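All figures in this text were calculated on a predicted structure; none of them were measured in a lab. Just the heavy atoms: all of them, side chains too, but no hydrogens, waters or symmetry mates, feed the values below.
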Amino acid sequence: PLLLLLLLLLLPAASAEPELRFRPPAEAPVRLFTEPELARYDGHQEGQPIYLAVKGVVFDVTSGKEFYGKGAPYNALVGKDSTRGVAKMSLDPADLTHDTTGLTEEELKSLDDIFNNVYKAKYPIVGYTSRRILNEDGSPNLDFKPEDQPHFSIKDEF
């Protein structure tokens with residue numbers, strides 16, 4: 001009964017929402033990716049989607065294959081969390097990491113702008129890196145709040 005009430009409350013709001021151009025199909029569950037799993041989606045396997053993580057959010061950038069596919073200019077960014085590289089606009093292998101330690105205010109602002117205005121605006125979210133939800137020892141990250149995540153809405157998850 002509570003779930004039904006929740007669904008009834010969410011339905012009117014859902015129809016008022018503008019339709020996203022790249023909304024993933026409702027049956028596609030949001031996945032949790034470990035580093036080795038994410039590495040499989042690096043654009044080198046023909047017919048396989050291409051994934052890129054920024055700020056622990058995994059985006060399907062397959063529609064941008066000319067930028068991210070095998071041999072493309074930004075292929076170094078895919079198959080991993082490249083948050084630091086995106087913030088610094090760097091393809092240096094040392095910057096292709098989730099680690100944002102020591103980034104300047106300007107780089108962090110650039111990261112947020114690109115995250116919101118390029119990745120979130122253009123590409124569907126297919127999951128999160130396990131690092132975003134779990135601590136190094138595998139215990140849950142208590143700071144993770146699904147409702148604070150981009151594109152998260154309870155009706156999409158259940």
Side-chain angles (χ1 to χ4, degrees), residues 13-134 136 141 143-158:
S15 61
E17 268 180 45
E19 196 55 39
L20 291 176
R21 193 166 139 216
F22 291 110
R23 179 164 294 226
E27 67 274 4
V30 172
R31 279 184 53 192
L32 199 57
F33 290 87
T34 62
E35 286 180 31
E37 285 172 332
L38 190 54
R40 292 185 205 143
Y41 300 95
D42 65 359
H44 287 83
Q45 192 84 21
E46 199 54 50
Q48 191 71 309
I50 305 169
Y51 293 166
L52 161 70
V54 179
K55 294 172 69 169
V57 179
V58 181
F59 296 94
D60 182 340
V61 296
T62 310
S63 65
K65 195 176 190 166
E66 66 275 17
F67 303 110
Y68 300 104
K70 184 178 182 181
Y74 302 120
N75 178 256
L77 296 171
V78 300
K80 61 183 76 71
D81 188 324
S82 296
T83 301
R84 185 179 198 82
V86 169
K88 293 180 75 170
M89 297 192 179
S90 166
L91 295 175
D92 180 329
D95 288 329
L96 302 180
T97 174
H98 68 281
D99 189 4
T100 57
T101 310
L103 290 178
T104 65
E105 276 305 310
E106 198 174 297
E107 289 166 336
L108 290 169
K109 185 184 177 331
S110 171
L111 173 63
D112 283 340
D113 288 347
I114 295 167
F115 180 76
N116 290 312
N117 301 322
V118 176
Y119 293 109
K120 274 178 59 181
K122 207 170 176 178
Y123 299 108
I125 293 172
V126 291
Y128 298 97
T129 60
S130 57
R131 173 175 272 109
R132 187 178 175 106
I133 298 177
L134 303 175
E136 292 294 328
N141 172 2
D143 295 328
F144 181 82
K145 294 181 179 56
E147 63 275 12
D148 293 342
Q149 304 312 308
H151 292 215
F152 176 88
S153 95
I154 289 175
K155 71 177 175 23
D156 291 339
E157 298 293 314
F158 299 104

- Query: Around Glu106, counting heavy atoms of other residues, nucleotides and ligands shown, do more than 12 lie under 6.0 Å from its CD?
  - Reply: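 Incorrect, the count does not exceed 12.
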[X] versus [Y]: any side-chain heavy-atom pair under 4.5 Å?
{"X": "Ile114", "Y": "Met89", "value": "yes"}
{"X": "Tyr74", "Y": "Val61", "value": "no"}
{"X": "Ile50", "Y": "Tyr41", "value": "no"}
{"X": "Phe33", "Y": "Val126", "value": "yes"}

Please report the shortest heavy-atom distance between [X] and [Y], naming the atom on each side.
{"X": "Glu66", "Y": "Ser63", "answer": "OE1-O, 3.8 Å"}
{"X": "Ala72", "Y": "Lys65", "answer": "CB-O, 3.9 Å"}
{"X": "Val78", "Y": "Gly43", "answer": "CG2-N, 4.4 Å"}
{"X": "Pro49", "Y": "Asp60", "answer": "CB-OD2, 4.1 Å"}
{"X": "Ala76", "Y": "Leu91", "answer": "CB-CD2, 4.4 Å"}
{"X": "Ala87", "Y": "Ser110", "answer": "O-OG, 3.9 Å"}

- Task: Only one of Gln45, His44, Arg40 passes side-chain hydrogen bond (donor to acceptor under 3.5 Å, both in side chains) with Asp42; say which it is.
- Result: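 Among Gln45, His44, Arg40, the one that satisfies the side-chain hydrogen bond (donor to acceptor under 3.5 Å, both in side chains) with Asp42 is His44.
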- Looking at Lys80, His98, Arg131, which one forms a side-chain hydrogen bond (donor to acceptor under 3.5 Å, both in side chains) with Glu35?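 It is Arg131, the one option of Lys80, His98, Arg131 that forms the side-chain hydrogen bond (donor to acceptor under 3.5 Å, both in side chains) with Glu35.
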- Query: Relative to each other, are the rings of Tyr123 and Tyr68 parallel, tilted or perpendicular (30° and 60° limits)?
  - Reply: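 Ring orientation, 0 to 90° scale: perpendicular.
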Just by modelled atom types, is the [Y] backbone N or O under 3.5 Å from a matching donor or acceptor in the [X] side chain?
{"X": "Ser82", "Y": "Leu96", "value": "no"}
{"X": "Arg84", "Y": "Ala94", "value": "no"}
{"X": "Asn75", "Y": "Gly71", "value": "no"}

- Message: Rounded at 0.5 Å granularity, tell me how far CG in Asp112 sits from NZ in Lys55.
- Response: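 Rounded to the nearest 0.5 Å, the CG-NZ separation comes to 3.5 Å.
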- Item | Point-to-point distance, once rounded to the nearest 0.5 Å, from CG of Leu52 to OG1 of Thr83 |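 Rounded to the nearest 0.5 Å, the CG-OG1 separation comes out at 8.5 Å.
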- Message: With a 6.0 Å cut-off on the ring centroids, do Phe115 and Phe59 count as close?
- Response: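 When the ring centroids of Phe115 and Phe59 are compared, they turn out to be within the sub-6.0 Å range.
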